[in-house]
Amino acid sequence: MIKVVLCDLGNVIVFFDDKKIAHGFAKFSDKDEEYIHKFFLNSMARKRFDVGKITAKQLFADFKNKLNLKIGFSQFKKIWCSCFTGVNKDMMQLLNKLKKNYKLVLLSNTDEIHFTYLNNKHHLTEIFDDFVLSYKVGHMKPSPGIYLHALKKAREFPTKVVYIDDIKTFVTASKLFGIKGIHYTNFEKLKKELRRLNINA
């Protein structure tokens, strides 16, 4: 019997498009959008920020210097969060239903700026019972470390834990620990998968 639901954030609860960040920065840089997007994807500073190795100010300094950005820190943060395009209302309703009978843990590769923004906007701390965030625990999916943190938070045997994520490789990695995984592709399919596991939703 499932006792704990681990859930991803991006493109499960909130939708995002990181090209919007490149679009925003291009307005304040002599680099074009394509260059900026490639830089964003490959940025070592971003990867270090995602696991809490550098501060938001250090991330800003790196991007400002390497992309020749003519903006201040507050504008940088605003553009950094412009990637979020909306909330999955069906998923929000589902989580509020599940909360009555299951422990909910958010398991996400995210950074301090993004999480603070999304929590303020969508009150994530009121929905979830606990959090495993890459920038807090120093590991990113699919690293084994992040799943071990999640199981510690779950405080249940892996067979009593289910994990929902839109990235198949992250789901596959969770299954190596005995966690039951669901690859999220759409809401209706998710509901069928939950019913198959006898989860009341």
Side-chain angles (χ1 to χ4, degrees), residues 7-96 104-128 131-142 146 164-170 184-187 190:
C7 189
D8 179 38
L9 181 57
N11 284 333
V12 176
I13 299 170
V14 293
F15 303 113
F16 74 92
D17 177 3
D18 54 32
K19 287 184 178 178
K20 287 185 172 292
I21 296 175
H23 177 74
F25 285 157
K27 296 175 183 177
F28 303 95
S29 171
D30 55 4
K31 315 292 185 190
D32 63 32
E33 281 187 44
E34 186 178 353
Y35 178 93
I36 294 171
H37 188 238
K38 283 182 181 176
F39 175 82
F40 172 87
L41 293 176
N42 297 310
S43 166
M44 188 53 65
R46 180 182 66 84
K47 290 169 185 175
R48 285 170 59 78
F49 187 50
D50 281 345
V51 290
K53 299 290 191 217
I54 64 171
T55 65
K57 286 283 182 75
Q58 287 172 315
L59 175 80
F60 166 60
D62 183 85
F63 270 67
K64 184 179 171 107
N65 178 49
K66 290 175 181 171
L67 295 177
N68 195 26
L69 294 174
K70 307 296 188 207
I71 53 173
F73 184 51
S74 61
Q75 182 71 11
F76 174 84
K77 288 194 293 182
K78 186 176 179 180
I79 295 171
W80 196 253
C81 295
S82 67
C83 58
F84 298 109
T85 58
V87 64
N88 187 342
K89 292 179 182 177
D90 289 332
M91 197 67 198
M92 280 291 203
Q93 287 177 352
L94 174 67
L95 289 168
N96 280 308
L104 300 184
V105 180
L106 186 70
L107 173 55
S108 177
N109 286 350
T110 190
D111 64 55
E112 183 185 1
I113 298 173
H114 282 164
F115 182 73
T116 301
Y117 169 82
L118 290 172
N119 186 40
N120 288 337
K121 192 173 178 68
H122 301 298
H123 312 291
L124 299 173
T125 49
E126 294 175 17
I127 299 169
F128 288 91
F131 299 84
V132 179
L133 311 173
S134 63
Y135 82 93
K136 287 277 194 182
V137 301
H139 298 281
M140 289 186 76
K141 296 175 284 186
I146 200 165
I164 304 163
D165 198 306
D166 67 305
I167 297 178
K168 198 168 187 177
T169 54
F170 295 171
Y184 182 89
T185 54
N186 63 69
F187 187 69
L190 171 65

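All residue numbers in this chain count up from 1 along the given sequence. Keep in mind that this is a model prediction, so the values were computed, not measured.
- In this structure, Ile13 and Met92 have side chains that are in contact, with non-hydrogen atoms separated by less than 4.5 Å.
- You'll find the ring centres of Phe115 and Phe131 inside the 6.0 Å limit.
- Shown here is Glu34, whose CD atom has no more than 12 heavy atoms of other residues, nucleotides or ligands within 6.0 Å.
- Remark: Lys57 is positioned above the aromatic ring of Phe73, its terminal NZ or CZ atom under 6.0 angstrom from the ring centre and at most 45 degrees off the axis.
- Within 6.0 Å of the NZ atom in Lys78, the count of heavy atoms belonging to other residues, nucleotides or ligands does not exceed 12.
- Remark: side-chain polar atoms of Asn120 are paired, donor with acceptor, to backbone N or O of Thr116 under 3.5 angstrom.
- With hydrogens and angles disregarded, a donor-acceptor distance shorter than 3.5 Å links the side chain of Asn109 to the backbone of Lys141.
- Here Asp30 pairs with Asn68 under the side-chain hydrogen bond (donor to acceptor under 3.5 Å, both in side chains) rule; sequence neighbours left out.
- Side-chain contact check for Lys20 versus Phe84: every heavy-atom pair is 4.5 Å or farther apart.
- The side-chain hydrogen bond (donor to acceptor under 3.5 Å, both in side chains) test applied to Thr169 returns no partner, not counting sequence neighbours.
- The CZ atom of Phe76 sits 6.5 Å away from atom CD1 of Ile71, with the distance rounded to the nearest 0.5 Å.
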Can you list the steps and then say if Trp80 with Phe63 is a ring-ring contact (aromatic ring centres under 6.0 Å, His included)? CA-CA 11 Å; Trp80 196 253; Phe63 270 67; 5.3 Å; yes
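- Val14 places none of its side-chain heavy atoms less than 4.5 Å from the side chain of Lys121.
- Around NZ of Lys136, the count of heavy atoms belonging to other residues, nucleotides or ligands within 6.0 Å does not exceed 12.
- Residues Asp90 and Leu190 fail the side-chain proximity criterion, which asks for heavy atoms closer than 4.5 Å.
- Remark: side-chain polar atoms of Ser43 are not paired, donor with acceptor, to backbone N or O of Phe40 under 3.5 angstrom.
- The CZ atom of Phe49 sits 4.5 Å away from the CG atom of Asp111 when rounded to the nearest 0.5 Å.
- Under the side-chain hydrogen bond (donor to acceptor under 3.5 Å, both in side chains) rule, Tyr184 has a single partner from Asn88, Asp8, Asp166, which is Asn88.
- One finds the CG atom of Leu59 at 11.5 Å from the NZ atom of Lys77 (value rounded to the nearest 0.5 Å).
- Using modelled atom types, one side-chain atom of Ser134 and one backbone atom of Thr110 make a donor-acceptor pair closer than 3.5 Å.
- Taking Glu33 as the reference, His23 meet the side-chain hydrogen bond (donor to acceptor under 3.5 Å, both in side chains) condition, with sequence neighbours excluded.
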